[in-house]
Protein chains: 2
Amino acid sequence: MTLDQLRIFVEVAEHGHVTRAAESLGMSQSAASAAIASLEGSCEIILFDRVGRGIRLTDNGRIFLREARAVLDRASMARSVLQDLAGHPGPIGIAASQTIATYWLPRRLATFQAANSRMRFNVVIRNTNEVETAIVEGEANIGLVEGPTQHPALIRQLIDHDKIVLVVSSEQPRLPLNKNGRLDLRVMKWVVRETGSGTRRGLEDLAARVGLSVNDLNIALELPSNEAVREAIEAGAGATIISRHVVASAIAAGRLTEIPIELPQREYAMVRHRDRHATLAEKALVAHLTEATSQPVSLELSENSLKVAP
Amino acid sequence: MTLDQLRIFVEVAEHGHVTRAAESLGMSQSAASAAIASLEGSCEIILFDRVGRGIRLTDNGRIFLREARAVLDRASMARSVLQDLAGHPGPIGIAASQTIATYWLPRRLATFQAANSRMRFNVVIRNTNEVETAIVEGEANIGLVEGPTQHPALIRQLIDHDKIVLVVSSEQPRLPLNKNGRLDLRVMKWVVRETGSGTRRGLEDLAARVGLSVNDLNIALELPSNEAVREAIEAGAGATIISRHVVASAIAAGRLTEIPIELPQREYAMVRHRDRHATLAEKALVAHLTEATSQPVSLELSENSLKVAP
DNA sequence: TGTTTTTAATCGATATAATCGATGAAATAG
DNA sequence: CTATTTCATCGATTATATCGATTAAAAACA
């Protein structure tokens with residue numbers, strides 16, 4: 001069993017196709033075919049069913065695929081450590097939430113890049129839940145999330161705070177206030193991000209803190225990006241709670257109106273894998289991203305409703 | 001970077017010696033030397049200092065050694081999964097505490113082996129702490145321990161209970177009872193197993209439950225095996241708390257005397273790695289070892305002393 | 001100091017294994 | 001029925017790993 005065989009096996013399994021896998025690996029079809037045959041022969045096991053003129057993973061193959069991936073992941077980690085030690089750092093994988101990747105990360109990465117021109121980054125946008133798994137699985141080195149994280153294998157560092165705001169379209173700023181002149185979350189129409197995103201979580205947390213469950217809220221629209229949500233709100237689809245960065249210019253331009261209630265600040269956190277070796281490059285980036293974090297602010301809440309500032 | 005290169009690198013690093021590593025791998029010295037050179041050349045990094053006529057790992061080499069080991073571990077896991085799927089199960093690694101390995105495991109393994117003659121086992125004796133790390137590190141597939149375990153990556157199943165007893169030499173059964181006719185742990189001379197063993201832990205727990213720390217106890221002798229402890233007690237070295245299995249025949253033969261106090265039953269538990277693929281053979285063994293566990297029994301305790309049964 | 005032994009690197013030769021291009025066989029599409 | 005797709009196989013080629021022998025350097029020993 002060699003790493004090459006595993007690499008070929010995984011590629012073939014993922015493509016479901018010997019020829020295309022071979023292409024994508026830059027080798028001949030016969031070489032790929034031979035590698036699979038040799039892997040199967042070495043343990044007298046069948047990993048692919050030859051069905052028709054194609055192939056399909058057997059159940060055994062599917063089980064072994066997980067193992068093969070794990071070995072390759074570990075090997076690529078080892079390789080990147082080696083290259084880092086040799087002073088040829090590979091790209092640093094960063095998985096960040098939409099809000100952070102769009103409004104927080106770019107300028108910090110730019111200043112860091114300016115000072116460390118040889119370093120390269122590989123930034124992917126994932127919602128908070130997906131970032132968590134990306135770090136645990138080793139798909140990325142550094143994760144940047146808004147909400148809380150659960151996994152015990154993660155170390156978490158606070159890196160910043162974000163003010164979130166409640167906004168509605170400027171064309172229909174009629175607020176459903178209750179008899180006490182307070183804002184009732186239940187009678188508003190909400191436009192939200194998908195479950196698992198930090199932005200969505202912001203609303204869920206707020207609801208929970210005034211004694212409501214998510215089911216009590218009237219979710220009118222669920223959209224997959226901050227900008228999509230903003231567009232919907234501008235079109236009058238309802239209200240949302242979102243990072244001030246996303247809506248600052250729309251508010252300034254008068255297209256959106258911010259409802260002046262006190263909302264909790266949200267934490268931006270960096271998560272990394274507890275047991276994974278951090279390359280020198282990674283350590284430098286971590287240091288750069290963690291410097292100068294601001295302080296959180298508390299929030300006063302009451303039953304099912306929120307005080308609107310005078 | 002190939003698995004062979006990593007294997008050779010690890011072997012050389014562990015031996016600190018190219019020639020001996022090559023021997024132990026069954027290859028020529030020149031082949032091993034070339035493999036190292038190729039590994040170093042591929043990333044332009046120096047893993048060994050050539051000092052005198054020997055070699056020594058560099059700091060970089062030491063860091064990479066961890067990675068290399070991790071890759072090889074993962075690879076050997078993958079290989080064993082493959083062989084298992086092919087119906088050629090490799091030996092199942094079992095790490096068990098002394099007491100369990102000696103008095104509990106043999107007959108269960110014997111009955112299992114009788115019904116599954118093709119299966120092989122690789123049993124090592126470790127104390128409870130060492131078993132925990134063996135499972136976490138993947139050195140063994142199944143762990144059998146007496147005490148509690150901490151690591152979140154472990155799944156734990158109760159498999160049995162063990163009665164532990166307090167014994168002294170029959171030649172000096174004078175018990176240091178206090179004025180209430182109760183047994184004071186502090187004035188006894190104890191013979192114990194090493195820290196980290198379940199047997200030692202039994203005494204520590206008992207002390208804690210009557211409000212004492214281990215430092216309050218008079219530890220006369222610390223010995224590395226149950227039988228060594230028993231021999232010491234028989235020679236009149238003091239008292240100990242130990243599994244009834246270890247001392248049953250000595251009590252029956254009149255060489256040891258059991259002090260009739262109520263002691264808590266101790267749990268035998270099986271621990272396995274949460275994320276690791278269990279082979280078919282392993283699943284069968286787990287099923288066999290977990291069937292028919294008995295029920296625990298509570299214990300009544302009071303301040304610093306123990307009631308001796310009439 | 002000179003000699004022997006130990007050790008890792010190197011070199012040329014050889015064996016092993018991977019890869020290629022071509023071909024065949026089987027299945028599908030038109 | 002033909003053309004095409006796709007994987008397996010075969011022989012030739014190439015690359016690479018390994019070997020045995022040798023060298024160079026260091027250490028041990030006399």
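Naming: A, B, ... by sequence-line order, numbering from 1 per chain.
In this structure, Leu39(B) places its CG atom 11 Å from P of dA17(D), rounding to the nearest Å. Atom CG of Leu6(A) and atom P of dA18(C) are 13 Å apart (whole Å). Atoms CG (Asp49(A)) and C1' (dA26(C)) sit 16 Å apart, rounded to a whole Å. The CZ atom of Arg20(A) sits 13 Å away from the C1' atom of dC7(D) (whole-angstrom rounding). Counting to the nearest Å, the P atom of dT28(C) and the NE2 atom of His17(A) are 13 Å from each other. The distance between atom CG of Leu47(B) and atom P of dA9(C), rounded to the nearest whole Å, is 12 Å. dA17(D) atom P lies 13 Å from atom CD1 of Ile36(B), rounded to whole Å. Rounded to an integer number of Å, the gap from Gln29(A) CD to dA26(C) C1' is 14 Å.
Between Ser30(A) and dA22(C), a side-chain N or O to OP1/OP2 separation shorter than 4.0 Å is absent. An OP1 or OP2 oxygen of dA9(C) is reached within less than 4.0 angstrom by a side-chain nitrogen or oxygen of Ser33(B). Not one side-chain nitrogen or oxygen of Arg53(A) sits closer than 4.0 Å to the OP1 or OP2 atom of dA25(C). Between Arg50(A) and dA8(D), a side-chain N or O to OP1/OP2 separation shorter than 4.0 Å is present.
Note on Thr19(A): only backbone sugar-phosphate atoms sit closer than 4.0 angstrom, heavy atoms only; bases stay farther off.
Side chain of Asp49(A) to backbone of Arg56(A): no donor-acceptor contact under 3.5 angstrom is found. Of the possible polar contacts, one joining the Asn116(B) side chain to the Phe112(B) backbone as a donor-acceptor pair under 3.5 Å is found.
Of the residues near DNA chain C, Asp4(A) and Ala37(B), the one whose nearest nucleotide (by heavy atom distance) lies more toward the 5' end is Ala37(B). Residue Ser38(A) is the one, among Ser38(A) and Gly52(A), whose nearest nucleotide of DNA chain C lies closer to the 5' end (criterion: closest heavy atom).
Inter-residue side-chain proximity for His15(A) and Glu23(A) is flagged as unmet; no heavy-atom pair is nearer than 4.5 Å.
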* Under the side chain to side chain contact (heavy atoms under 4.5 Å, CB included) rule, what do Leu105(B) and Ile94(B) come out as? Steps first, then yes or no, please. => CA-CA 10 Å; Leu105(B) 188 59; Ile94(B) 304 175; 4.1 Å; yes
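Residue Ile46(A) places its CD1 atom among 12 or fewer non-hydrogen atoms of other residues, nucleotides or ligands, all under 6.0 Å distant.
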